[in-house]
Amino acid sequence: MDETRLIRSLRSVRRFDSRPIPQDVLGDILEAARWTGSGKNSQPWRLVAVRDRETLAALSRCGQFAFHLEEAPAAIVLSMDDADHLFDEGRLAQNIQLGAWAHGVGSCIASFFPGENIAAARELLGVPEERSCHTAISLGYPADVDALRIPPGFESVVPRGRMPLTELVGWERYGEPRS
Ligand SMILES: Cc1cc2nc3c(=O)[nH]c(=O)nc-3n(C[C@H](O)[C@H](O)[C@H](O)COP(=O)(O)O)c2cc1C
């Protein structure tokens, strides 16, 4: 069905071309983030939009699979009020990625870990110590059509595709096939 094509076609993009993201496009992606729903509308988040090449390169060294930040023309770093908002953070990340994809801008999550890398990312961005700083989202136009596929060598780390609906969904009760 065409109605959900944008959502279904969202893939992680880890290679970008050098085209910068226009400011109005970046602004619209940030608007999509701003309108994310959160528990009790608490909006327990702040964002750091990063375009500086040196900062992006330094952030790319803050996670084992954060390399794609180095090539990305921009990134958005998520900072939650504290560690209790993982559900809200996931929704925020998804809004950013779908907002970007609506403009043809590819994206990928970069997780910062372990603790010393989170501290390094906080320091680089001036994020206060009590706030979370473990997730960034690379943004950029895909380098080529292959950039929408999982990169060679990555398949050993993450599986390709998704489980079938028959495995994912139980009807009326857990694990029950549709009657
Ligand atoms: C919580 C979370 C953390 C992730 N961390 C990383 C990461 O550090 N580096 C990376 O390249 N991809 C990361 N990803 C992207 C996943 O690997 C990717 O979404 C998954 O393999 C499915 O592929 P697809 O997004 O292309 O459909 C992360 C995704 C999630 C939801």
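We count ligands from 1, going down the list as the structure has it; atoms in each ligand are counted the same way.
- Ion pair R91/D88 not flagged as a salt bridge, since none of the NZ, NE, NH1 or NH2 atoms sits closer than 4.0 Å to an Asp/Glu carboxylate oxygen.
- Residues V105 and L78 share a hydrophobic cluster, clusters being chains of Ile/Leu/Val/Met/Phe/Trp/Tyr side chains in contact below 4.5 Å.
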CA sep, side-chain torsions, deciding dist, call: W45, S38, side-chain hydrogen bond (donor to acceptor under 3.5 Å, both in side chains):
CA-CA 10 Å; W45 42 53; S38 53; 5.7 Å; no
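- Those atoms of ligand 1 that come under 4.0 Å of a heavy atom in S111, given as number and element, are 3 (C), 4 (C), 5 (N), 6 (C), 7 (C), 8 (O).
- Looking from atom 13 (C) of ligand 1 to the surrounding protein, the closest heavy atom is I109 O, 3.3 Å.
- Considering all non-hydrogen atoms of both residues, E71 and F16 come closest at OE2-O, 2.8 Å.
- Nearest-heavy-atom check against atom 11 (O) of ligand 1 across Q64, R14, R11 picks out R14.
- Each of the atoms 9 (N), 10 (C), 11 (O) of ligand 1 lies under 4.0 Å from some heavy atom of H68.
- A search for side chain to side chain donor-acceptor pair (under 3.5 Å) contacts involving R162 returns nothing, not counting sequence neighbours.
- Residue A66 places no heavy atom under 4.0 Å from ligand 1.
- Which parts of ligand 1 touch S12 is read off a 4.0 Å heavy-atom cut-off, strictly below it: atoms 15 (C), 18 (C), 19 (O), 24 (P), 25 (O), 26 (O).
- Residue-level proximity to ligand 1 for R162 is carried by the side chain, the only part with a heavy atom below 4.0 angstrom.
- Here's the thing with F65: one of its N/O atoms is less than 3.5 angstrom from an N/O atom of ligand 1.
- Nearest heavy atoms, S107 versus L139: CB-CD2, 3.7 Å.
- Contact annotation for atom 30 (C) of ligand 1: protein present (non-hydrogen atoms, distance under 4.0 Å).
- Those atoms of ligand 1 with a heavy atom of C108 less than 4.0 angstrom away are 10 (C), 11 (O), 12 (N).
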List, one per line, each side-chain donor-acceptor pair under 3.5 Å for residues 18-28, sequence neighbours excluded.
unit_1: Q23; atom_1: OE1; unit_2: R51; atom_2: NH1; d: 3.0
unit_1: D28; atom_1: OD2; unit_2: H103; atom_2: NE2; d: 2.6

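- Less than 4.0 angstrom separates atom 1 (C) of ligand 1 from none of the non-hydrogen atoms of the protein.
- I96 and L10 are assigned to two separate hydrophobic clusters, defined by single-linkage of ILVMFWY side chains at heavy-atom distances under 4.5 Å.
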